[in-house]
Number of protein chains: 2
Amino acid sequence: MDPFIRKLSLRAHLDRDDVAALERAIRDISRVEAGRDLVTEGSAPGGACIILDGFACRYKLVPDGGRSILAYLVPGDGCDLHASLLNRAINSVATLTHCTIASVPYRAIKELAAARPNIYRALWWSVLVDGAVLQEWLVGIGRRSADKQVAHILCELLTRLRAVDLGTEADYRLPLTQAELADTAGLSNVHLSRVLADLRNAGLITSGRKSISVPDLGRLCDFADFKPDYLLLPAAEKSSEELGRLPGMTKIVC
Amino acid sequence: MDPFIRKLSLRAHLDRDDVAALERAIRDISRVEAGRDLVTEGSAPGGACIILDGFACRYKLVPDGGRSILAYLVPGDGCDLHASLLNRAINSVATLTHCTIASVPYRAIKELAAARPNIYRALWWSVLVDGAVLQEWLVGIGRRSADKQVAHILCELLTRLRAVDLGTEADYRLPLTQAELADTAGLSNVHLSRVLADLRNAGLITSGRKSISVPDLGRLCDFADFKPDYLLLPAAEKSSEELGRLPGMTKIVC
DNA sequence: CGAAACTTTGAGCGCATTCAACGCCAGTGG
DNA sequence: CCACTGGCGTTGAATGCGCTCAAAGTTTCG
């Protein structure tokens with residue numbers, strides 16, 4: 001539960017009762033291995049879920065056999081919390097790593113939203129953020145060069161992880177495959193490999209099998225022209241000096 | 001008001017009282033000339049608005065001076081209906097043609113949504129559609145070839161117009177500039193001109209100054225592999241035979 | 001140890017870009 | 001009524017980014 005509550009708390013102010021209500025509603029927790037579909041495009045939605053640990057992605061398969069990744073879900077992120085209106089899922093969701101997942105019936109969400117204005121606002125906010133991220137990706141894929149585009153995605157992911165207190169200083173590591181990043185950035189595997197090599201040579205990242213690390217997020221953000229405003233995080237609205245100097249963190253002036 | 005009500009009615013069933021409530025809430029109607037910003041990125045949101053007539057677009061300016069169009073707003077579409085949670089707009093909205101606009105205070109929207117479940121559902125649905133469209137564009141810009149990508153955008157726009165009973169058979173015409181389409185598809189003006197020339201030579205479109213016409217939407221949809229499912233229109237869930245044979249319309253089996 | 005998944009490297013090609021110039025049309029003002 | 005101006009569209013040539021195809025290296029896992 002923790003990262004989810006932390007995420008909702010970023011914007012709305014959840015009081016003791018709100019948290020209690022959330023904890024009461026969200027009980028059904030399970031572990032899922034990597035590479036499993038949580039939602040399959042075209043199927044009837046079964047219920048919402050929340051990622052408590054691990055990485056997942058929202059994706060679509062394209063006619064030519066490829067895959068297009070539309071969003072990453074990190075701990076705290078909900079998945080299809082509002083899809084009860086739909087007859088069929090319009091995209092799939094799959095785990096990228098082992099995940100801990102909470103399943104939530106739609107009814108529970110509706111009741112929470114109806115009874116608790118704070119939670120209602122927080123859920124809305126997270127929908128707006130999802131949209132904003134999608135917009136930013138659209139801009140990126142259309143306009144940015146491949147290297148900045150990839151760097152931008154990394155910056156965004158790390159910033160989102162930081163917002164829920166994950167991916168801390170010592171371990172700015174993402175468990176992503178090159179193929180996954182390629183499907184995100186709209187690049188071929190081959191070219192993505194070269195792009196990563198460039199970033200590595202520039203000292204902006206280090207990468208290994210299924211993992212990418214960022215030694216100095218500030219520099220990467222500079223390189224990518226990453227401006228976190230669109231994530232609508234409260235921190236992004238403070239001055240960047242303030243943001244860069246939170247205790248126990250390296251500079252992340254973006 | 002009409003196209004907005006027609007749009008909401010696509011999914012939710014609005015009864016007489018719902019419509020009356022909408023008409024009561026939405027009064028402040030004005031005309032706006034082409035090329036005006038309705039919303040400016042970074043400014044505090046002043047209130048929501050609804051496009052009653054004309055075309056508008058949501059866009060972002062990119063650092064290098066370019067513009068990236070994130071969505072088109074056609075009659076019936078709302079604009080920032082749910083942005084009251086935000087401190088600052090994260091994208092701009094501008095008119096592309098002369099428009100008739102209804103301004104709606106956020107309070108009115110909240111009250112409508114709270115008091116009238118049908119309207120609540122309809123508003124939610126339109127948010128989901130906006131997200132779905134954005135997803136489809138993301139896939140398109142990353143994966144489709146330039147010509148199919150442009151064709152796909154045209155198909156989508158015309159399908160959306162048809163859904164609110166505009167852009168009928170005799171006048172499948174879009175008042176779009178090449179520069180606008182280029183900023184949408186993530187292509188250069190020059191290349192977009194060539195792409196349009198190809199589509200013209202293939203007999204799929206005709207184009208003039210600030211306008212593009214589609215003589216046979218069915219053929220264009222075929223060419224673009226356009227499948228309207230993601231628009232979540234009720235018609236899309238009927239069999240395509242049924243859809244193609246509505247009275248007074250040319251075949252639009254997509 | 002072998003197989004599968006992931007990553008890297010090289011070579012050649014093609015799509016889309018940039019730069020530049022020109023044509024065309026609409027509106028404006030003399 | 002005509003010339004001018006600016007927005008829009010077209011065309012050509014040269015460049016380059018990212019793709020495809022192909023093969024080999026590397027790590028993990030059964």
message: Report for the helix from C:dC1-D:dG30 to C:dG30-D:dC1: angle between first-end and last-end helix axes, five pairs each, rounded to 10 degrees.
response: 30°
- request: Could you check if a side-chain atom of B:V62 sits within less than 4.5 angstrom of a side-chain atom of B:R67, using non-hydrogen atoms only?
  value: no
query: For B:R36 and B:T95, does a side-chain donor sit closer than 3.5 Å to a side-chain acceptor?
result: no
query: Quick one: are A:P45 and A:D80 in side-chain contact, heavy atoms under 4.5 Å?
result: no
query: What's the CG-P distance between A:D198 and D:dC17, to the nearest Å?
result: 11 Å
field: Value in whole Å for how far the C1' atom of C:dA16 lies from CD1 of B:I141
entry: 13 Å
Partners meeting side chain to side chain donor-acceptor pair (under 3.5 Å) with B:T206 (sequence neighbours left out): none
query: Have B:Q178 and B:N189 got a donor and an acceptor in their side chains that come within less than 3.5 Å?
result: no
field: Working for side chain to side chain contact (heavy atoms under 4.5 Å, CB included), residues B:K60 and B:L70
entry: CA-CA 7 Å; B:K60 275 195 177 196; B:L70 303 166; 3.7 Å; yes
message: Categorize A:G35 for me: base, sugar-phosphate, or nothing, with a 4.0 angstrom heavy-atom threshold over every strand shown.
response: nothing
field: Integer-rounded Å distance: C:dC15 C1' and B:K148 NZ
entry: 16 Å
task: Take the protein atom CG of B:L187 and the nucleotide atom P of C:dC15, then report the distance between them rounded to whole Å.
output: 14 Å
Integer-rounded Å distance: C:dC6 P and A:D183 CG: 11 Å
- prompt: Do B:R194 and B:D198 meet the salt-bridge criterion of a basic N to acidic O distance under 4.0 Å?
  reply: no
- prompt: Will you find, in the side chains of B:S43 and B:R88, an N or O donor that is under 3.5 Å from an N or O acceptor?
  reply: no
- prompt: Hey, are the side chains of B:I90 and A:Q135 touching, using non-hydrogen atoms and a 4.5 Å cut-off?
  reply: yes
- prompt: Roughly, in whole Å, what's the span from CG in A:N201 to P in C:dT8?
  reply: 11 Å
- request: Assign a letter to each nucleotide of nucleotides 3-16 of chain D from its 5' end: B, base within under 4.0 Å of a protein heavy atom; S, sugar-phosphate only; -, no contact.
  value: ----BBSBBBB---
task: Specify the separation, in whole Å, of atom CD1 of A:I212 and atom P of C:dC6.
output: 13 Å
